[in-house]
Amino acid sequence: QVQLVESGGGLVQAGGSLRLSCVAVGRTFSGYAMGWFRQAPGKEREFVAAISRRGISTYYADSVKGRFTISRDNAKNSVYLQMNSLKPEDTAVYYCAGDRGSGNYYYISSYDYWGQGTQVTVSS
């Protein structure tokens, strides 16, 4: 079992930046690919970014490409999402998730473990 705990959300003005963190407690963190998803009010949860187990490969939704950066530090059992040039449409609850090995990083169903989420609000 892996427990994921997100932090770093908050209120920021459009154009600003936030850095989300997710710490994993439990099984070997480096054995999991990690992803970030988000869910805005009234909308379905959607893929934001993912990173492979050793951090060699990264994947992004088109809507965040060039603005967001995912990274991980396996020594700290942590994955991060640096969010720059934030827009009001980035407002959502952001979730980190762990994938034991499906390799299908874009799909919610590929992930085995989820955090509780952290709220990001971008004001215009």
Side-chain angles (χ1 to χ4, degrees):
Q1 190 73 14
V2 174
Q3 182 181 3
L4 302 175
V5 181
E6 302 99 332
S7 62
L11 174 64
V12 64
Q13 288 188 329
S17 298
L18 281 175
R19 187 190 193 213
L20 305 184
S21 299
C22 174
V23 176
V25 179
R27 295 194 177 190
T28 305
F29 177 73
S30 59
Y32 297 83
M34 297 299 295
W36 285 96
F37 287 75
R38 67 186 181 187
Q39 188 166 17
K43 295 188 176 182
E44 294 186 350
R45 193 171 298 189
E46 64 176 5
F47 171 79
V48 175
I51 188 166
S52 59
R53 297 177 198 182
R54 284 189 265 179
I56 294 173
S57 300
T58 57
Y59 310 85
Y60 297 95
D62 288 343
S63 58
V64 306
K65 206 169 291 183
R67 300 188 297 122
F68 291 11
T69 303
I70 189 171
S71 61
R72 66 189 296 162
D73 185 340
N74 287 346
K76 295 183 178 180
N77 285 358
S78 295
V79 61
Y80 309 99
L81 186 67
Q82 178 66 44
M83 306 186 294
N84 298 329
S85 301
L86 282 161
K87 305 175 181 180
E89 50 263 44
D90 294 318
T91 295
V93 177
Y94 283 71
Y95 300 88
C96 74
D99 170 11
R100 287 183 297 187
S102 76
N104 298 320
Y105 303 133
Y106 295 92
Y107 302 101
I108 293 173
S109 59
S110 298
Y111 292 82
D112 305 286
Y113 303 105
W114 291 84
Q116 82 290 348
T118 185
Q119 176 71 49
V120 172
T121 303
V122 184
S123 63
S124 57

Next item on the list: Report yes if the side chains of Tyr94 and Gln119 come closer than 4.5 Å at any heavy-atom pair, otherwise no.
Entry: no
Note to self: Using side-chain heavy atoms (C-beta onward) and a distance below 4.5 Å, is Met34 in contact with Leu4?
What the structure shows: yes
Check: Roughly how far, to the nearest 0.5 Å, is the OG atom of Ser85 from the CZ atom of Arg67?
Finding: 7.0 Å
Notebook entry, point to check: When clusters are formed by joining ILVMFWY residues with side-chain heavy atoms under 4.5 Å apart, either directly or through shared neighbours, do Val122 and Phe68 land in the same one?
Noted result: yes
Checklist line | Distance-minimising heavy-atom pair for Ala14 and Ser124 | finding: CB-CA, 4.4 Å
Item checked: Side chain Tyr59, main chain Val48, donor-acceptor under 3.5 Å -> no
Checklist line | Side-chain donor or acceptor of Asn74 paired with backbone N/O of Arg53 under 3.5 Å | finding: yes
Next item on the list: Taking Arg72 for its side chain and Ser52 for its backbone only, find out whether a donor-acceptor pair lies under 3.5 Å.
Entry: yes
Checklist line | Single-linkage hydrophobic cluster Trp114~Leu20, side-chain heavy atoms < 4.5 angstrom | finding: no
Check: Hey, is the main chain of Gly9 close enough, under 3.5 Å, to the side chain of Thr118 for a donor-acceptor pair?
Finding: yes
Check: So, Ser17 and Asn84: side-chain donor and acceptor under 3.5 Å apart, yes or no?
Finding: yes
Margin query: If you compare all heavy atoms of Gly98 against all heavy atoms of Tyr32, which two are closest, and at what distance to 0.1 Å?
Written below: C-CD2, 4.3 Å
Checklist line | ILVMFWY cluster, Tyr106 and Ile108 together (side-chain gap under 4.5 Å) | finding: yes
Next item on the list: Without swapping roles, check the side chain of Ser110 against the backbone of Asn104 for a donor-acceptor pair under 3.5 Å.
Entry: yes
Check: Parallel, tilted or perpendicular: which describes the rings of Tyr111 and Phe37, with under 30° parallel and over 60° perpendicular?
Finding: perpendicular
Margin query: Between Val79 and Ile70, is there a side-chain heavy-atom distance shorter than 4.5 Å?
Written below: yes
Checklist line | OH/Tyr107: more than 12 non-hydrogen atoms of other groups inside 6.0 Å | finding: no
Next item on the list: Is it possible for you to say whether Leu81 and Val23 belong to one hydrophobic cluster, with membership spreading through side-chain heavy-atom contacts below 4.5 Å?
Entry: no
Next item on the list: Taking atom NZ of Lys43 as the centre, report whether more than 12 heavy atoms of other residues, nucleotides or ligands fall under 6.0 Å from it.
Entry: no
Next item on the list: Is it possible for you to check whether Arg38 lies under 6.0 Å from the centre of the six-membered ring of Tyr95, through NZ or CZ, and within 45° of that ring's axis?
Entry: no
Note to self: Quick check: closest heavy atoms across Leu11 and Ser123, and the distance to 0.1 Å?
What the structure shows: CD1-CB, 4.4 Å
Check: Counting distance only, does the side-chain N/O of Gln39 pair as donor-acceptor with the main-chain N or O of Ala92 below 3.5 Å?
Finding: no
Note to self: Has Asp112 got a side-chain atom pairing as donor or acceptor with Arg100's backbone, closer than 3.5 angstrom?
What the structure shows: yes
Margin query: Test your reading of the model: is there a side-chain donor-acceptor pair from Ser78 to the backbone of Lys76, 3.5 Å cut-off?
Written below: yes
Next item on the list: Look at Lys87 together with Asp90 and state whether they make a salt bridge at an N to O cut-off of under 4.0 Å.
Entry: no
Note to self: For Trp36 together with Phe47, are the ring centres under 6.0 Å from each other?
What the structure shows: no
Checklist line | Worked verdict on Ile51 versus Tyr105 for side-chain contact (heavy atoms from CB on, under 4.5 Å) | finding: CA-CA 8 Å; Ile51 188 166; Tyr105 303 133; over 6 Å; no
Margin query: Donor-acceptor check, side chain of Gln82 to backbone of Arg19, threshold 3.5 angstrom: yes or no?
Written below: no
Note to self: Less than 4.5 Å apart, side chain to side chain, heavy atoms only: is that true for Val120 and Leu18?
What the structure shows: yes
Next item on the list: Can you measure from OG (Ser30) to CG (Asn77) and round to the nearest 0.5 angstrom?
Entry: 8.0 Å
